Each structure stands twice: as structure tokens, then as C-alpha cells.
Amino acid sequence: MTHPRPGGRFERHPRLTGAGLVVLALLVLELGLRSAAPGSLRFAQGMRRVHRYSRVARVDLRPSQSAALRIDREDGQPLFDFRLSTGAEGFRIEETAAPPPPGARFVHAIGDSYTMGWGVEAADSYPARLARRLAPELAVLNLGVDGFGAIGAVAKSRALAERYPPVHAVYLFSPNDLEDDRRAEAVTRRSSLVHTANEALDAVRRSSFLAGVPFALRYRLQFRAGPAAPTGGTGRVPTESLLLPEPAAPSAPLGDYPTFTALGAYRDFLAVRGARLLVLVLSTQPESLAAYRFCREQGIEARLFDVPPALRIPDEGHFNAAGNEAVAALVAGLLRAGPNGAGR
């Protein structure tokens, strides 16, 4: 009597063998992506390397990191090409800049990507250019982080206030700050278990090219641009031309925004320390007018301003080097004028 021969490995252990084949396929794909490393994927991995999940603000910069960030247009020319480097305390730095002199006083430049200097080198960000316009004993910290609203911006300043006591704080408000703060507020309500899971997922994404594919596709669509457009302007622009006139009529009702709660508490935090708060409100979009109205009603020094297209990165919208220089000149003039100076 003959007995049937046992089946192969797959027949004996179909689930285990199938799982092994899937792992092998993913490993081959991971190695292939690392070898090919298309530009959008390198960009996504660079973003992951310098950013981290934050339990307070949803996103923040990782300490002591550096990444080259480049996205190309359809014709291969860069839409932007810059390096983002952070210091040991997790804010953007100029790698070759000298440390603040002994006894320096500090200006905290807070906000989102417009403050951070998205799309330009650190030396061309408005905080870096502002530092070169102020007295040597005034050091400017670039505390801007792309994705921040007021919640993240003021939390970063508060965390550094003991080590770097501010005499001035400049918050550059952009219209998307209200929505960014809504999302940040939702993050703070998550349980510890959910925070831990997100931090673990963040680490996986940072180490895996394959996990970065969805983000590479998203970034590619977000920063999609056609052939190279003419470069932005480089000439000097009168700083007073950036300031906008007082709105003719009050904006719509303010609403219960966490942005305003955070900003009001930050004003009080600075007042106890004898520091001045200046809020630059970008554009006249409804969100900006609501923020400007809140500042005026709460006695917070605020200015409405905008930057013309010639001083922005073409097809992208952030300030180019000349735009950052114009904003730095504006801020320097307002700081010298004092709260009651002729800011308009």
C-alpha cells in the first residue's frame, strides 16, 4: 500500500509561507526605492527626517537634523531647493552663524512656514535678515515651523523663554493658522496610547522609503508646477508699501478659535516679563481680518501687511529672498518705532 507524498512547504504552511513572500516582496521594493530614490521620495524622506509628531502642535522640528529639500518643475528646474537645519533645541539655524554674544537679548520670531523661511536658505529667512538689521546685542531666534498655528508657535517660545529671555516677540499670522490650531487642539485631546502609536508610526515612516510613497505623491501634487516661470523680483521695495490700510468696516464675528485663546495667554505671558508682542497679520482674507480685529480689541499691537507676487516664489507663494528682506526691513522699523510709533 502506498501513502500519499506530503505536499510542498506552501501546502503545509500556506499562511506562514504567504506572509514570508509578502515580507520578501516588500523588502525588495524597499531596496529598489532606496536605489532609485526619485526626487519626490527624497523630498518626503527629508521632510520626515527633520520633522516629528508633536503632542502639543501636531508637528514640530526634530533637534540636530539637516535635510536638503528640493522639488522640481515639469521641465526639471527646481521649484525650490534649500537646506533645512535645526539646532540642539529644535529650531531652524544657520549652520555657520556665530553664537549670540554674552549678555545678548532675544527676539522670538514665531509663526509657521513664512517665519521659518520655507523655500529659501536659512540666511535668507526674514528672522536671519532681521538679525542683521538690529543692534548686535539683539539676537533673533527663528522659531517658525511649517504647519504651526498660534498654539505651536507660542508653546515653542514659552519653552525657550527661560534660556533665551525675549524682549520682543514677533508673531507672523497667516490665514491658515486658524485651521492649523483647530487640528492642533484636536491632537492635544488624544489619549496617551494614541500619542504613543503616532510616535511609533512616525519613526517607521522616517526609516522606510516605502512608507514615504503616499507622502511623496501628496507633496508632488501639492507643489506641482509647470515650466520655470520668470524669477521673482530682487529690487528694493519700500517697507511702507507692505503695510495695508485700516479695514473700512469690522470683520465678521470672531468665533471661538483656539488661536485667539493661545494668543491672549501669550500676551499675558510676555507682559509679566516686560516683553513686547508685535503681530504681523498677512493678507486681508477673512481669517486675517478676524485675527487683526481680535488683536485690536485685546490691545495687542498688530499690523496688516502683504507681500506682492514679485517678492514671492513663483507658482508657490512663500517669500523669496527679496520678500524676506522686505519683511525684515518692515519688522526692524516697527521694533525701532516702539508700540506707539508711527507704524503706518
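Computed from a predicted model, the values in this text were never measured in an experiment. Note: hydrogens, waters and symmetry copies are ignored here, and every other heavy atom, side chains too, is used. Along the sequence shown, residues carry numbers from 1.
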Novice: Cation-pi check, Arg158 to Phe269: give yes when NZ or CZ is under 6.0 Å from the six-membered ring centre and within 45° of the ring axis, no otherwise.
Specialist: yes
Novice: Determine whether Arg55 and Thr196 make a side-chain contact, defined as any pair of heavy atoms from C-beta on separated by less than 4.5 Å.
Specialist: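 Contact flag for Arg55/Thr196 side chains = yes.
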Novice: Does the side chain of Asp112 pick up a donor-acceptor pair with the side chain of Ser174 at under 3.5 Å?
Specialist: yes
Novice: Only pairs under 3.5 Å count here: list side-chain donor-acceptor contacts from residues 162-170, not counting sequence neighbours, and write none if there are none.
Specialist:
from: Arg163; atom 1: NE; to: Glu89; atom 2: OE2; distance (Å): 2.8
from: Tyr164; atom 1: OH; to: Glu89; atom 2: OE1; distance (Å): 2.6

Novice: CG of Asp315 to CZ of Phe80: how many Å apart, nearest 0.5 Å?
Specialist: 12.0 Å
Novice: Main chain of Arg48, side chain of Arg206: is a donor-acceptor contact present, judged purely on distance under 3.5 Å?
Specialist: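 Looks like yes, one N/O pair under 3.5 Å.
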Novice: With a 4.5 Å heavy-atom cut-off, do Arg49 and Ser207 have their side chains touching?
Specialist: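 They are not in contact (no side-chain heavy atoms under 4.5 Å apart), so the answer is no.
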Novice: Could you measure the distance from the CG atom of Leu138 to the CZ atom of Arg105? Nearest 0.5 Å is fine.
Specialist: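 Rounded to the nearest 0.5 Å, the CG-CZ separation comes to 4.5 Å.
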Novice: Could you tell me the separation between the CD atom of Gln77 and the CG atom of Asp72, rounded to the nearest 0.5 Å?
Specialist: 8.0 Å
Novice: Can you name the nearest heavy-atom pair linking Ile110 to Ser157, along with the distance?
Specialist: CG2-CB, 4.0 Å
Novice: If we ignore angles and hydrogens, is there a donor and acceptor under 3.5 Å between the side chains of Arg83 and Ser66?
Specialist: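 Judged by distance alone, the side chains do pair up.
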Novice: Quick one: which residue pairs count as a salt bridge (Lys or Arg N to Asp or Glu O under 4.0 Å) with a foot in residues 254-272, not counting sequence neighbours?
Specialist: none
Novice: Between Arg42 and Arg70, is there a donor-acceptor pair closer than 3.5 Å when you use the side chain of the first and the backbone of the second?
Specialist: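 A pair under 3.5 Å: no.
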Novice: Tell me, please, which residues at least two apart from Phe294 pass ring-ring contact (aromatic ring centres under 6.0 Å, His included).
Specialist: Phe260
Novice: Indicate, with yes or no, if Met47 and Ile313 share a hydrophobic cluster defined by side-chain heavy-atom contacts under 4.5 Å among Ile, Leu, Val, Met, Phe, Trp and Tyr.
Specialist: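 No: no chain of side-chain contacts under 4.5 Å links Ile313 to Met47.
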Novice: Using side-chain heavy atoms (C-beta onward) and a distance below 4.5 Å, is Leu282 in contact with Phe305?
Specialist: yes
Novice: If we ignore hydrogens and angles and just use 3.5 Å, is the side chain of Glu316 paired with the main-chain N or O of His318 as donor and acceptor?
Specialist: yes
Novice: Dump the intermediate steps for side chain to side chain contact (heavy atoms under 4.5 Å, CB included) on Leu263 and Tyr171, then the final yes or no.
Specialist: CA-CA 9 Å; Leu263 192 54; Tyr171 170 40; 3.7 Å; yes
Novice: Under 3.5 Å, side chain of Asp181 to main-chain N/O of Ile151, donor-acceptor pair present?
Specialist: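 Such a contact is found between Asp181 side chain and Ile151 backbone.
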Novice: Taking a hydrophobic cluster as the set of Ile, Leu, Val, Met, Phe, Trp and Tyr residues connected by side-chain heavy atoms closer than 4.5 Å, whether directly or through intermediates, do Leu172 and Val59 fall within one such cluster?
Specialist: no
Novice: Tell me which donor-acceptor pairs under 3.5 Å the side chains of residues 140-150 have, and how far apart each pair is, sequence neighbours excluded?
Specialist:
from: Asn142; atom 1: OD1; to: Gly144; atom 2: N; distance (Å): 3.2
from: Asn142; atom 1: ND2; to: Met116; atom 2: O; distance (Å): 3.1
from: Asp146; atom 1: OD1; to: His51; atom 2: NE2; distance (Å): 2.9
from: Asp146; atom 1: OD2; to: His51; atom 2: NE2; distance (Å): 3.0

Novice: Distance-only, no hydrogens or angles: does the Asp124 side chain make a donor-acceptor pair with backbone N or O of Val120 under 3.5 Å?
Specialist: no
Novice: For Ser125 and Gly117, which heavy atoms make the closest approach, and how far apart are they?
Specialist: CB-CA, 4.0 Å
Novice: Has the side chain of Ser288 got a donor or acceptor atom that lies under 3.5 Å from a matching backbone atom of Thr284?
Specialist: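 Pair absent, no side-chain N/O of Ser288 close to backbone of Thr284.
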Novice: Using the rule that Ile, Leu, Val, Met, Phe, Trp and Tyr join whenever any side-chain heavy atoms are under 4.5 Å apart, tell me whether Ile71 and Val50 fall into a single cluster.
Specialist: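 As far as the 4.5 Å side-chain criterion goes, Val50 and Ile71 are connected within one cluster.
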Novice: Please answer: with hydrophobic residues joined when any side-chain heavy atoms are less than 4.5 Å apart, are Leu134 and Leu334 in the same cluster?
Specialist: yes
Novice: Under a 3.5 Å cutoff, is there a donor and acceptor pairing between the side chains of Glu95 and Ser85?
Specialist: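 Side-chain D/A pair, Glu95 to Ser85: present.
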Novice: What pair of heavy atoms forms the shortest contact from Leu242 to Val327, and how long is it?
Specialist: CD1-N, 4.1 Å
Novice: Can you tell if the side chain of Thr259 reaches within under 4.5 Å of the side chain of Arg182, non-hydrogen atoms only?
Specialist: no
Novice: Mind listing the closest non-hydrogen atom pair of Ala332 and Arg133 along with its distance?
Specialist: CB-CB, 4.1 Å
Novice: Might you work through the side chain to side chain contact (heavy atoms under 4.5 Å, CB included) test for Leu278 and Leu335, ending with a clear yes or no?
Specialist: CA-CA 8 Å; Leu278 169 64; Leu335 293 182; 4.2 Å; yes
Novice: Hey, does the side chain of Asp202 reach the backbone of Asn198 with a donor-acceptor pair shorter than 3.5 angstrom?
Specialist: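 Not at all, since once roles are kept as given, no pair shorter than 3.5 Å links the two residues.
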Novice: Would you say the side chain of Val107 lies within less than 4.5 Å of the side chain of Pro127, judging by non-hydrogen atoms?
Specialist: no
Novice: For the hydrophobic clusters of this structure (ILVMFWY residues joined by side-chain heavy atoms under 4.5 Å, transitively), does one cluster hold both Leu277 and Tyr257?
Specialist: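 Yes.
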Novice: Might you point out which heavy atoms bring Glu94 and Ala128 nearest each other, and give the distance in Å?
Specialist: OE2-CB, 3.4 Å
Novice: Using side-chain heavy atoms (C-beta onward) and a distance below 4.5 Å, is Glu301 in contact with Cys295?
Specialist: no
Novice: Does the side chain of Thr115 pick up a donor-acceptor pair with the side chain of Tyr126 at under 3.5 Å?
Specialist: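 Judged by distance alone, the side chains do not pair up.
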Novice: Going by atom types only, do Glu246 and Tyr292 share a side-chain donor-acceptor pair under 3.5 Å?
Specialist: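 Judged by distance alone, the side chains do pair up.
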Novice: I want to check something: taking the side chain as every heavy atom from C-beta on, are Arg276 and Pro339 in contact at a cut-off of under 4.5 Å?
Specialist: yes
Novice: Who are the side chain to side chain contact (heavy atoms under 4.5 Å, CB included) partners of Ser54, not counting sequence neighbours?
Specialist: Arg52, Val56, Ala57, Asp60
Novice: Could you tell me whether the side chain of Arg312 and the main chain of Val307 form a donor-acceptor pair under 3.5 Å?
Specialist: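 Yes; at least one donor-acceptor contact below 3.5 Å.
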Novice: Decide side chain to side chain contact (heavy atoms under 4.5 Å, CB included) for Asn320 and Asn324; before the verdict, give the C-alpha distance in whole Å, the side-chain angles of both, and the deciding distance to 0.1 Å.
Specialist: CA-CA 6 Å; Asn320 61 20; Asn324 279 289; 6.0 Å; no
Novice: May I have the step-by-step check of side chain to side chain contact (heavy atoms under 4.5 Å, CB included) for Tyr53 and Leu201, ending in yes or no?
Specialist: CA-CA 9 Å; Tyr53 175 81; Leu201 181 60; over 6 Å; no
Novice: For residues Arg92 and Leu61, report the shortest heavy-atom separation together with the two atoms involved.
Specialist: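 In this case the closest contact between Arg92 and Leu61 is N-CD1, 4.1 Å.
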Novice: Hey, what do you get for CZ (Arg296) to CG (Leu289), rounding to the nearest 0.5 Å?
Specialist: 12.5 Å
Novice: Checking Phe319 now: which residues fulfil ring-ring contact (aromatic ring centres under 6.0 Å, His included) with it, not counting sequence neighbours?
Specialist: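 For Phe319 the ring-ring contact (aromatic ring centres under 6.0 Å, His included) partners, ignoring immediate neighbours, are Tyr114.
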